[in-house]
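Worth knowing before you read on, the calculation uses all heavy atoms, side chains too, and leaves out hydrogens, waters and symmetry mates. Just so it is clear: chains get the letters A, B, ... in the order the sequence lines come, proteins before strands, and each one is counted from 1. Please read all numbers here as calculations on a predicted model, not as lab measurements.
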4 protein chains.
Amino acid sequence: MKNQKPKYHQIIEAAVKVIAENGYHGSQVSKIAKEANVADGTIYLYFKNKEHILVSLFEVKMGEFIDQIAKAIEACSTASDQLYTMIKMHFGQLSTDYYLAIVTQLELRQSDISLRLQINQVLKPYLTIIDGIIQTGIKQQQFREDLNIPLVRQMIFGTLDEIVTNWVMKDQKYPLVDMAPEIHRMLVSALTAQQISK
Amino acid sequence: MKNQKPKYHQIIEAAVKVIAENGYHGSQVSKIAKEANVADGTIYLYFKNKEHILVSLFEVKMGEFIDQIAKAIEACSTASDQLYTMIKMHFGQLSTDYYLAIVTQLELRQSDISLRLQINQVLKPYLTIIDGIIQTGIKQQQFREDLNIPLVRQMIFGTLDEIVTNWVMKDQKYPLVDMAPEIHRMLVSALTAQQISK
Amino acid sequence: MKNQKPKYHQIIEAAVKVIAENGYHGSQVSKIAKEANVADGTIYLYFKNKEHILVSLFEVKMGEFIDQIAKAIEACSTASDQLYTMIKMHFGQLSTDYYLAIVTQLELRQSDISLRLQINQVLKPYLTIIDGIIQTGIKQQQFREDLNIPLVRQMIFGTLDEIVTNWVMKDQKYPLVDMAPEIHRMLVSALTAQQISK
Amino acid sequence: MKNQKPKYHQIIEAAVKVIAENGYHGSQVSKIAKEANVADGTIYLYFKNKEHILVSLFEVKMGEFIDQIAKAIEACSTASDQLYTMIKMHFGQLSTDYYLAIVTQLELRQSDISLRLQINQVLKPYLTIIDGIIQTGIKQQQFREDLNIPLVRQMIFGTLDEIVTNWVMKDQKYPLVDMAPEIHRMLVSALTAQQISK
DNA sequence: CATGAATGAGATTTCATTCAT
DNA sequence: GATGAATGAAATCTCATTCAT
């Protein structure tokens, strides 16, 4: 698959590297072209414009990211396990891919709103996965049945995202994955029917 | 107070409006100057450069935002009440100030990293307030004593921030403050010592 | 005389200092005003515009410069002595007034052509003095009678000016006045009727 | 040779013309680009910035200027002949190239000191030629052996430069080259061992 | 398919000068 | 006479995109 459209992937990989190293505003098309070993004009044979490189980058990388998570979750039976797996995978993948973490958590957020809306579209399958976990939890009577699903989804995603962003900005001084159990415990508590606390 | 440094505040207010209406990249200094009814050059009597307008804007507006929250919280005795008040205030203030919500949730995030770091400094007092609530809850034995405070803080802030951002991006179709009780309930559950769930 | 129009002279002196220290393009009117301890607007009560400050500066300073030379020359009987005195005075005065040398030799030359033409007017009396010396030398049959006076004047002035400029640019590493006898000897030779060198 | 890097030379020639006609401060990059029939941005493919256009202009033009003189001098055996040739060439070349004379004698002197220092570097080979002539004259026992070479060089260059500048400022009303014999005579006299004038 | 030279629109900031107090 | 806050015109340079080869 990598050998189909080799230039296409060359350019995407070059873009990730260039953006991670030079920042969003320091990443000119010509710099990406040079890193990809193609001419500036060649970029435009594969991408409509600069914004399209970034959207495609996000599509490809987030696609893999989400696929990994989806696959891993299939193996889990309870909603709690699924959530735990998701958190570990989310943290794990971004821990592993240094450049990707910088690009998605810091640099790509500097894009303008039109690009951000497209990025949100790419994230939708991830949000759907989260929704699925929540619904599973409700069905399994592990989570409260009166949960407002979009709200819960925003809590979960907002929490994970904020934690990763903090970790990236603090130069990854601690192992991100170690945070998973604690986060998992808190999120499950948040969603679980409370015993009468007297 | 508004009459002290009137031009300074004129320019800040103009900047909020212009950025909310034209987007970060569509907000030229000359546009802000025209909206503020001053000459382009006048801007530079009050602000070192364009970035400094944005930092100042954030300082002034977030300063007020945080002060309001801090004051409201003083009246609350339990950590749970404090948290509820904070959520309501956070949502309430951004619901009320349409322009400010757009600017802080969407537009200012497009700034480059140097500006984002300055913005983070401005947010610190807010994070300190959150930490205070958590510690109060622990002391009052309402929250678990083994909480990882930075992590909890990131969960709380990430959750609220993601919810507001979603609300802004969906054109504020629902009353944001109505989300407060549900969020509060989930967050308190997340932090509360769980009964043995068998 | 200094107490008449005290502000006028304050501003001139401030301009010399500011230009010497900050360079021509680093010398804003506001900087000169601050150095002179007056308000920006006050400058315009004494000078029509910025260019006028510079012309006036040159008039005052070159006026003194030329007066000193003229007075010294009166005491000399032969053209050769007059020339020697002139050279010594020219070098001596610029050696003594560090700031003035920088301003006249380096900074003021960056002015535009309209200002340079005015500066040339101020220099005219100096050129007249040089012409006078040449004519005296011819009358005294010390210099050749077929000299092209404007040309000779340009040689003399061009030589002195170039030497001073080199001296200023090389950070005044050697005593400028020490060059006088050598220069004098060469210039006198240039103007003297040559013996048949067969 | 002109057809190598054609745009580069187009821009240089355009710069000379535009600066001669509009003055240093009236020569915007866009004006030079229009005169050169290229887009504004094209300038920056060949020159790092505006200052670099001016330095390059001076390098190219003075390079040719100096080469011509150097070549012409090779054919002369005595130092006196060399000096005469140099003067004639110096005057001749600037007489011929109207625009160049204005640019080098008047406009380029308005540049700031950093540019002037670079210009001085370009002039160095010319000064070396002058030094060579002086040394030849000494070796040939035509000139005095106790000459202070740097001083003599400054006299020669300062004289020629001042004369050309006067000629340019007076709108070239007389044929500059006609001055050569007179100047040559005076300079040779200045450097020649004097007969005892008793 | 690939190239890369050329394009040209667009915005921040400075600073001489004014004028109401 | 003196002030200094306010003015606003003006120009360099970048970089996404094109198109002839």
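As a whole-Å value, the separation of B:K31 NZ from F:dG8 P is 19 Å. Nucleotide F:dC15 holds its P atom 13 Å from the OH atom of A:Y24, rounded to whole Å. Rounding to whole angstrom units, CZ of residue C:F47 and P of F:dG1 are separated by 13 Å. The CD1 atom of B:I32 sits 18 Å away from the P atom of F:dG8 (whole-angstrom rounding). Per the geometry, CD1 belonging to D:I53 stands 9 Å off P belonging to F:dT12, to the nearest Å. Note: OH (B:Y8) to C1' (F:dA6) measures 19 Å, nearest angstrom. The distance from atom CD1 of C:I11 to atom P of F:dG1 is 11 Å, rounded to the nearest whole Å. Put simply, CG on B:N49 is 17 Å from P on E:dA11, counting in whole angstrom units.
With both pairing distances under 3.5 Å, E:dT14 is matched to F:dA9 as a Watson-Crick or G-U wobble pair. Summarising the base pairing, F:dT21 is matched to E:dA2 through a Watson-Crick or G-U wobble pair whose two defining distances lie under 3.5 Å.
The residue A:Y46 sits close only to the backbone: its heavy atoms come under 4.0 Å of sugar-phosphate atoms, none of a base. Among the heavy atoms of the strands lying under 4.0 Å from B:V29 is at least one base atom, whether or not backbone atoms are also near.
Between B:Y8 and B:F47, the ring-plane angle classifies as parallel under the 30° and 60° cut-offs.
Among the nucleotides F:dG4, F:dT12, F:dT17, the one closest to the side chain of D:K50 is F:dT12. Ranking E:dA5, E:dA2, E:dT13 by closeness to the A:K7 side chain, first place goes to E:dA2. The nucleotide whose nearest atom lies closest to any side-chain atom of A:T42 is, among F:dT12, E:dT3, E:dT13, E:dT3. Looking at the side chain of A:L45, the nearest of the listed nucleotides F:dT12, F:dA16, E:dC1 is E:dC1. In the set E:dA5, F:dG8, E:dT7, the nucleotide with an atom closest to the side chain of B:D40 is F:dG8.
Checked by atom type and distance alone, the side chain of A:Q110 never pairs as donor or acceptor with a backbone atom of A:Y24 at under 3.5 Å.
Across the interface with DNA chain E, nearest-nucleotide mapping of B:E51 and C:K48 shows B:E51 to be the residue nearer the 5′ end. When each of A:G41 and A:Q28 is assigned the nucleotide of DNA chain F with its nearest heavy atom, A:Q28 is the one assigned upstream, toward the 5' end. In terms of position along DNA chain F, the nucleotide closest to B:I43 lies nearer the 5' end than the nucleotide closest to the other residue of the pair D:H25 and B:I43.
Side-chain contact check for A:E51 and A:Q118: at least one donor-acceptor pair (N or O, by modelled atom type) lies under 3.5 Å.
Residue B:Y44 has no polar side-chain atom (N or O) positioned under 4.0 Å from OP1 or OP2 of F:dA6.
The shortest distance between side-chain heavy atoms of D:N120 and D:K124 does not fall below 4.5 Å. Side-chain contact between B:I102 and B:E107 is present, with heavy atoms from C-beta onward closer than 4.5 Å.
A salt bridge links C:R109 with C:D161: the distance from a Lys NZ or Arg NE/NH1/NH2 to an Asp or Glu carboxylate oxygen falls below 4.0 Å.
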